[in-house]
Structures are given as structure tokens and as C-alpha cells.
*Asks:* 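Here's a structure for you.
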Amino acid sequence: MTGRVLPFGPSNPIIQAPMAGGGATPALAAAVSRAGGLGFLAAGYRTAQDVRREIAAVREQTDRPFGVNVFVPDFAAALDFEVGGEEPGDDAALARYRDELAPEAERYGVTLPEALAWDDDEWDAKIGLLADERVPVAGFTFGCPPPEVTARLHDAGSVIMVMVNTPWEAVAAAESGADAVIVQSPGAGGHQAAFLNPPPSWEAPDNLPELVALVREATDVPLVAAGGIMDGADVAAVLAAGAVAAQLGTAFLRTPESGTHPVHKAALADPRFTRTAFTRAFSGRTARGLANRFMAEHEASAPACYPQVHHLTKGLRRAAAEHGDPEAMALWCGRGYRRCRDLPAAALVEALMEELAAARA
């Protein structure tokens, strides 16, 4: 453990998840931080300059700590550990998938990109930005930051958090210098963070407190629990299991400060959407969202090519949203989506803390 002071803990345990793709906004992050939680910006899928502007926007609204989350590209995920996750696909698989999606493109009036190259999501520029801006919390998903990045951000005064899915990933994160790890359960919305292959016998428990307890046995680094947490009783359960805080994403999707598309927000309460499911049809990497037509028709053939598939489908997803059609949108959310509350972010944080107090009592 590094001994760094964390801007969250049992007395202020609410963390707003960094929802890449538009859900996390400066208004949302600032509102959560002002209310006593920890707000997060998502650097994924955004340019470094856009992220710089969003950091400035948060600081205009609050002087409280906040975080910025970055996607770790494959080349940065190896710290003398076997890199797992999903195998990269090949050009032929991508070409076949592009051909399969041609009718979708015609349906929504878009042109699919011809070239689908891998990219690192401006990794170097974003790390430089986090260091220059001395962000209070630097979060990482899809892997551990390399030692030189950890050292640079620690020198800038940042607390480092890494999202993990297993005890083995938690140990790797701690050894890489993480000040805290975010334990993500299978019930979480959006992308699963997996980056190391677990033993063949490993089966992740669906129960988040149980997963937290297993990770707690493997490492003494502070744990944040994530996945399916929707109310104060859920927060109390993960704190009792050994977490110091809870990260909530889906719970904030319907807040007015959220940048979630109105069609997406409406789908969370639409009775025709009855379940969530894992898919890689939208991005090439496993993620959980509302089960819809696009997932049903394309999941079986989608290659494990991230971020190429993300770039292939983003025009389709944008056009579907513009048409008001949720059936071809990536409606990321966790299993607890039916318990989303249409409340301002600050009011939601207050409600969560009141419910937590009642659960503890």
C-alpha cells in the first residue's frame, strides 16, 4: 500500500462511475463531488483536448476532488503478467462483419468506414494531460498503467485506481502501484475490465459482496466495489464485505446532469426491454447492456476486435439514436437498471447516504 490519502472512504463512500461514450459529463462529476461523493470524467473515446476542456469545466464548478478515467491500450497492459482478455481478431473477420452490417448501414443511411485500424485512444497525450493537470484521481480500465506512468502520476500528486474483475488482477494492480482497486462484478453495465486470464477453474461470483470478499483475501489494497449497486442498502452490503467505497454508474444514468442520450434514458424505463445481456457486437469487447435487436442479430458473428468494431459501429449507433431507435444503440447498463431514479445527481447522493445510514442502523 502507498499510504496516500484517498478522497473517499466509509464516511464518503459514493463514487460516480466514469461512463465513457457521453454519460459522464463535467456537470455530473461536479455535482457528485459537491454533494460529498467523488465524480468522474471519462477520457475514453474523447480527444485529449476535449478532456482538458472538461477538466477545466469541472474545476469551474467545484474545488472538490474528482477523477479522470483512461482506457489502457493492449501494449500498456503487460507488467510481467500474462495479458488475457479477449484475443484480437484479424482483418478477414472484420471484413466479414463489415459486410454483415451493410444492411444496417442502408437502414440508417450511413456509410461504414473502409479502414479499421487499431489505435491507442491518444494514450500518451492523455497521460501527459493527467500529469500536467495534476488530477486528484487517475483511473484506469482494461489494464494496469506501466511503472513509469504510475511514478509520473504519483509525482503529480494523483491517487491511482485500477478496475479489476478477479483477485489475480487486483494483485497485479497493487503490484503496479495502484492506491486502490475497483472490483467490478459481472452484473456491471458497460465493458468488463478483464485484462488477465484467470485459472481455468475460476468462475466469477454474480454476488458482488462475495467477489469483494474474495479479492479482500488476496490483497490489502483499498477496494471499491462496482456492479449492480443502486441504493444505500447495496452500498452497505459491499462495505460490510470489505470495500471502502462503492462505484455507481447505472444509478446515475437518468440524472439530468448525465449525458446519456434521451433515447437511452427512456429505454431504461421502457417495458419492452426486459433484460440485460453481454455482447461484443457494438465494440468488439464484452460489455453489458439492454438486450435489443442489434445484439440478437449480430452477437454470434461479432469478432473480438477492440477498438476496431467500436469504430465500425459508432456511425450506426449515432444514426439509430438520431432516428429515435433504441434497437441499434449500445444501451449500456447494469442488471439493476429498473431501479434507476430520475433525480438530480446531488439529490441521488443524498438519498444514497440516507439509505446507507438506515441500512447500517
Side-chain angles (χ1 to χ4, degrees), residues 1-2 15 17-18 20 44 69-88 138-147 150 160-229 234 237-250 276-280 283-288 304 306 332 334-336:
M1 292 178 59
T2 64
I15 299 175
N69 187 71
V70 178
F71 288 162
V72 180
D74 285 348
F75 65 75
L79 294 172
D80 296 325
F81 300 103
E82 179 184 359
V83 176
E86 295 165 292
E87 295 299 322
F140 293 92
T141 303
F142 304 153
C144 299
T150 300
I160 294 176
M161 301 172 68
V162 174
M163 179 169 278
V164 305
N165 287 134
T166 69
W168 298 273
E169 290 176 349
V171 170
E175 292 179 352
S176 77
D179 302 296
V181 298
I182 305 163
V183 181
Q184 181 195 45
S185 78
H191 287 100
Q192 290 283 291
F195 59 93
L196 294 179
N197 286 324
S201 60
W202 167 255
E203 185 173 345
D206 274 347
N207 180 276
L208 178 57
E210 181 181 348
L211 179 60
V212 169
L214 289 173
V215 175
R216 176 75 293 150
E217 293 175 0
T219 180
D220 62 357
V221 71
L223 307 182
V224 174
I229 301 173
D234 294 338
V238 296
L239 296 183
V244 300
Q247 180 170 285
L248 298 81
T250 301
T276 64
F278 279 137
T279 185
R280 65 186 185 202
S283 72
R285 186 180 177 98
T286 298
R288 183 179 293 282
Y306 177 87
W332 300 144
R335 286 178 179 158

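Every value quoted in this text rests on a predicted model; they were computed, and no experiment measured them.
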*Asks:* Can you confirm whether Leu196 sits close enough to Thr166 that some side-chain heavy atom of one is under 4.5 Å from a side-chain heavy atom of the other?
*Replies:*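 No - every pair of side-chain heavy atoms lies 4.5 Å or more apart.
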*Asks:* Distance check, rounded to the nearest 0.5 Å: Trp168 atom CH2 versus Trp202 atom CH2?
*Replies:*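 Going from CH2 on Trp168 over to CH2 on Trp202, the span is 5.0 Å.
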*Asks:* With sequence neighbours excluded, what pairs up with Gln184 under the side chain to side chain donor-acceptor pair (under 3.5 Å) test?
*Replies:*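 Scan of Gln184 (side chain to side chain donor-acceptor pair (under 3.5 Å), adjacent residues dropped) gives Asn165.
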*Asks:* Is it the case that the side chains of His191 and Thr141 hold a donor-acceptor pair, with the cut-off being a distance below 3.5 Å and no angle test?
*Replies:*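 No donor-acceptor contact under 3.5 Å links the two side chains.
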*Asks:* To the nearest 0.5 angstrom, please state how far the CD atom of Glu169 sits from the OG1 atom of Thr219.
*Replies:*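 One finds 13.0 Å between CD of Glu169 and OG1 of Thr219.
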*Asks:* Are Trp332 and Thr276 close enough that some pair of their side-chain heavy atoms sits under 4.5 Å apart?
*Replies:*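 Side-chain contact under 4.5 Å: no.
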*Asks:* To check you understand the geometry: which heavy-atom pair defines the closest contact between Gly227 and Leu208, and what is its length?
*Replies:*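 Gly227 and Leu208 have their closest heavy atoms at O-CD2, 3.4 Å.
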*Asks:* Using side-chain contact (heavy atoms from CB on, under 4.5 Å) as the criterion, point out the one residue from Val162, Asp179, Val181, Val171 that pairs with Val221.
*Replies:*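 When Val162, Asp179, Val181, Val171 are each tested with Val221, the side-chain contact (heavy atoms from CB on, under 4.5 Å) holds only for Val181.
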*Asks:* Rounded to the nearest 0.5 Å, what's the gap from CG on Leu223 to CG on Leu239? Could you check?
*Replies:*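 The CG atom of Leu223 sits 11.0 Å away from the CG atom of Leu239.
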*Asks:* How long is the gap from CD on Gln192 to OG1 on Thr286, to the nearest 0.5 Å?
*Replies:*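 Answer for the CD-OG1 pair, Gln192 versus Thr286, is 7.5 Å.
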*Asks:* Do Met163 and Asn69 make a side-chain contact, defined as non-hydrogen atoms from C-beta onward lying under 4.5 Å apart?
*Replies:*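 They are not in side-chain contact.
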*Asks:* Write down the atom of Gly228, the atom of Asp234, and the distance for their closest heavy-atom approach.
*Replies:*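 Looking at all heavy atoms of both residues, the shortest contact is O-OD2, 3.6 Å.
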*Asks:* Grab the two heavy atoms, one from Ala225 and one from Val212, that are nearest each other, plus how far apart they are.
*Replies:*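 That would be CB-CG2, 3.7 Å.
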*Asks:* Write out all pairs satisfying salt bridge (charged side-chain N to carboxylate O under 4.0 Å, His left out) with one or both partners inside residues 182-194, taking only residues at least two apart or from two chains.
*Replies:*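 Passing the test, one end in residues 182-194: no pairs.
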*Asks:* Quick check: closest heavy atoms across Ala20 and Phe71, and the distance to 0.1 Å?
*Replies:*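 Minimum heavy-atom contact is CB-CZ, 3.7 Å.
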*Asks:* How about Val72 and Phe195: do any of their side-chain heavy atoms sit closer than 4.5 Å?
*Replies:*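 Result no, sub-4.5 Å side-chain heavy-atom pair not found.
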*Asks:* Measure the shortest side-chain to side-chain distance between Ser185 and Glu210 over non-hydrogen atoms and say whether it is less than 4.5 angstrom.
*Replies:*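 Ser185 does not reach Glu210 side chain to side chain.
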*Asks:* Treating Arg285 as the side-chain partner and Thr279 as the backbone partner, does any N or O pair qualify as donor plus acceptor under 3.5 Å?
*Replies:*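 Answer holds: no.
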